[in-house]
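The sequence lines fix the lettering, A, B, ..., with proteins before strands; numbering per chain opens at 1.
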2 protein chains.
Amino acid sequence: MRGEPNITILAETFRLLGDPTRLKVMCACLEKPMPVAEIARSIDASPSLVSHHLRLLRAARLVRGERRNRQVFYGADDDHVRRMLTDMLAHADEVDVSGDDHGEAAPRI
Amino acid sequence: MRGEPNITILAETFRLLGDPTRLKVMCACLEKPMPVAEIARSIDASPSLVSHHLRLLRAARLVRGERRNRQVFYGADDDHVRRMLTDMLAHADEVDVSGDDHGEAAPRI
DNA sequence: TAGACATTTGAATAGCTGTTCATGTGTGCA
DNA sequence: TGCACACATGAACAGCTATTCAAATGTCTA
């Protein structure tokens, strides 16, 4: 049923999470909301860059920002997003355990 | 522990799935292996383009190709990949049910 | 209010990437 | 062997995007 718009939305979500810096930003504030500067420090990026990425993540409803005095705390937009990413991180761990070098697979057909 | 290489690998996976055409290719051969031409037909893309995308997906061990006479059948590389994507598709459906327009969220802070 | 802090925004740019077109490679059939 | 099918590959290009730097906005405190 209507498997089209979902693909588009899903691809857009994947695309946003497909940038290492942006994924780190997302992970940094997954468990509990964090102010921009602390996210920036924790992933070793400039506040400006982090802010740029947060804007995109916000527009896609992946994160939500809440102002507390001077700082803006960003966190996962909802439990659904949090669970989704947590699952994927777990998957990645499983893959890591199964152990492959991940240095470009042999294309032999 | 070592939460760094995982992020990189996960981001790379997300990046690959972040292109609509490539995601469609992936989905087209998720359940059972499909020859290139049929994948191309099913998603309305040129065989050449599909082949290009399959090469990237193959290099990341997301799909696996097996030759049967003239055709090469592509399918999910393993059950892990299949489950991962199936889960994400389910997530996307859930989101769809919860119903939002997804037309650029209001950035009000 | 002046000034420092925290975040956002805009412009500019270098680098990447999806797509197309043309060509190459491999496989089976007459 | 020659031809047609199925797929892979390479080059080339237009369009996008992550990053940086500079400047603006908003917020609290002295």
Participant: Which listed nucleotide (C/dT9, C/dT20, D/dT9) is nearest to the side chain of B/Ser51?
Facilitator: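 Nearest to the side-chain atoms of B/Ser51, counting from C-beta on, is D/dT9.
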Participant: For a salt bridge (charged side-chain N to carboxylate O under 4.0 Å, His left out) check, start with the C-alpha distance between A/Arg15 and A/Glu12, then their side-chain angles and the critical distance, and finish with the verdict.
Facilitator: CA-CA 5 Å; A/Arg15 194 183 65 81; A/Glu12 174 66 9; 3.3 Å; yes
Participant: Atom CG of B/Leu57 to atom P of C/dG18: distance rounded to whole Å?
Facilitator: 10 Å
Participant: Which whole-number value in Å describes the distance from A/Leu49 CG to C/dG10 C1'?
Facilitator: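 One finds 15 Å between C1' of C/dG10 and CG of A/Leu49, rounded.
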Participant: Between A/Thr21 and B/Phe73, name the one whose nearest nucleotide on DNA chain D is closer to the 5' end.
Facilitator: B/Phe73
Participant: From NZ of B/Lys24 over to P of C/dT19, roughly how many Å is that when rounded to an integer?
Facilitator: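 Value for this atom pair: 9 Å.
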Participant: Inspect the surroundings of CZ in B/Arg82 and state if more than 12 heavy atoms from other residues, nucleotides or ligands are less than 6.0 Å away.
Facilitator: yes
Participant: Would you say a side-chain N or O of A/Asn69 is under 4.0 Å from OP1 or OP2 of D/dC28?
Facilitator: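 A/Asn69 to D/dC28 OP1/OP2: side-chain N or O found under 4.0 Å.
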Participant: Please check the phosphate of C/dT19 (OP1 and OP2 only) for any side-chain N or O of B/His53 closer than 4.0 Å.
Facilitator: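 Result: yes.
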Participant: At under 4.0 Å, does any side-chain N or O of B/Arg15 touch on OP1 or OP2 of C/dT17?
Facilitator: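 So the side-chain polar atoms of B/Arg15 do come within 4.0 Å of the phosphate oxygens OP1 or OP2 of C/dT17, strictly under.
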Participant: Write down the distance between CG (A/Leu56) and P (D/dC16), rounded to a whole number of angstrom.
Facilitator: 15 Å
Participant: Check whether the side chain of A/Ser48 and the base of C/dT9 form a donor-acceptor pair under 3.5 Å.
Facilitator: yes
Participant: May I have the distance from A/Leu23 (atom CG) to D/dT17 (atom P), rounded to whole angstrom?
Facilitator: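 My rounded result for the distance is 17 Å.
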Participant: Round to the nearest Å and state the distance from B/Arg55 atom CZ to D/dA11 atom P.
Facilitator: 11 Å
Participant: Think A/Tyr74 has a side-chain N or O under 4.0 angstrom from the OP1 or OP2 of C/dA6?
Facilitator: no
Participant: Starting at CG of B/Leu54 and ending at P of D/dA6, how long is that distance when rounded to a whole Å?
Facilitator: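 Atom CG in B/Leu54 sits about 16 Å away from atom P in D/dA6.
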Participant: Measuring from the side chain of A/Arg67 (C-beta onward, heavy atoms only), which nucleotide among D/dT27, C/dT9, D/dT19 has the closest atom?
Facilitator: D/dT27
Participant: Would you tell me if any nitrogen or oxygen in the side chain of B/Arg70 comes within less than 4.0 Å of OP1 or OP2 on D/dA4?
Facilitator: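 So the side chain of B/Arg70 is outside the cut-off, no N or O lying under 4.0 Å from OP1 or OP2 of D/dA4.
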Participant: Starting from P on C/dT25, measure out to CD on B/Gln71 and report it in whole angstrom.
Facilitator: 22 Å
Participant: B/Leu10 and A/Leu89: which non-hydrogen atoms are nearest, and at how many Å?
Facilitator: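 For B/Leu10 versus A/Leu89, the nearest heavy atoms are CD2-CD2, 3.5 Å.
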Participant: Decide, applying a 5.5 Å centre-distance limit and a 30° plane-angle limit (both strict), whether B/His52 stacks on C/dT20.
Facilitator: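 By the stated criterion, B/His52 and C/dT20 do not stack.
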Participant: Are any side-chain N or O atoms of B/Arg55 and backbone N or O atoms of B/Leu57, one a donor and one an acceptor, separated by less than 3.5 Å?
Facilitator: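 Looks like no, no N/O pair under 3.5 Å.
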Participant: Under the criterion side chain to side chain contact (heavy atoms under 4.5 Å, CB included), which of B/Leu85, B/Asp77, B/Val81 is the partner of B/Leu62?
Facilitator: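 Result: among B/Leu85, B/Asp77, B/Val81, B/Val81 is the only option passing the side chain to side chain contact (heavy atoms under 4.5 Å, CB included) with B/Leu62.
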Participant: If only side-chain N and O atoms of A/Arg22 are considered, is one of them under 4.0 Å from the OP1 or OP2 phosphate oxygen of D/dA18?
Facilitator: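 Yes, within the criterion.
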